[in-house]
Amino acid sequence: MENISKNDIRYKEAEKQVKRIKQFYIFVFIYIVVNIFILFLNFRELKPGETIWQLKYFSLPLFWGIAVVIHAMRTFIQGFMLGSNWEDRKIREFMEKEKQK
């Protein structure tokens, strides 16, 4: 097995990706727990004969679910938003501005 230094660029990139994945899983866990809790509260407050299957009860999970999908795409698809090398370009841009000062 190859010995990888913590200063290696590949190691740092992999570490950043692992952090992004961890944040995504935390986001999904919170999404599930909060929406189950809200749906439970809504179900408990239903009047007799009223059904839970209405848009007003599922609009929050729907729109928040869209945010979860976008977060997943940003996490697992390289370069989905802002391009794959956007961070590197911005870092170089800021470094060039610092050199000019």
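How far CD of Glu93 is from CE of Met95: 12.5 Å, rounded to the nearest 0.5 Å. Distance check: Leu46 CG to Tyr57 OH gives 4.5 Å after rounding to the nearest 0.5 Å. One distance of note links CG of Leu39 with CG of Asn35; it measures 6.0 Å at 0.5 Å rounding. Lys16 NZ to Tyr11 OH: the interatomic distance, rounded to the nearest 0.5 Å, is 14.0 Å. Taking CD1 of Ile21 as the reference point, atom OH of Tyr25 lies at 6.0 Å (rounded to 0.5 Å).
Residues Gln17 and Arg20 have side chains that bring a donor and an acceptor to within less than 3.5 angstrom of each other.
A continuous path of hydrophobic side-chain contacts links Phe27 to Ile38 [ILVMFWY only; heavy atoms under 4.5 Å]. In this structure, Ile36 is a member of the same hydrophobic cluster as Leu60, with clusters built from ILVMFWY side-chain heavy atoms closer than 4.5 Å.
Of the charged side-chain nitrogens involved, none lies within less than 4.0 Å of a carboxylate oxygen, so that Glu96 and Arg92 do not count as a salt-bridged pair.
Screening Ile32, Val33, Ile26, Val28 for a side-chain contact (heavy atoms from CB on, under 4.5 Å) with Ile30, the sole residue that qualifies is Ile26.
Here the closest heavy-atom approach between residue Val68 and residue Phe24 is recorded as O-CE1, 3.7 Å.
Other residues, nucleotides and ligands contribute more than 12 heavy atoms inside 6.0 Å of the CZ atom of Phe76.
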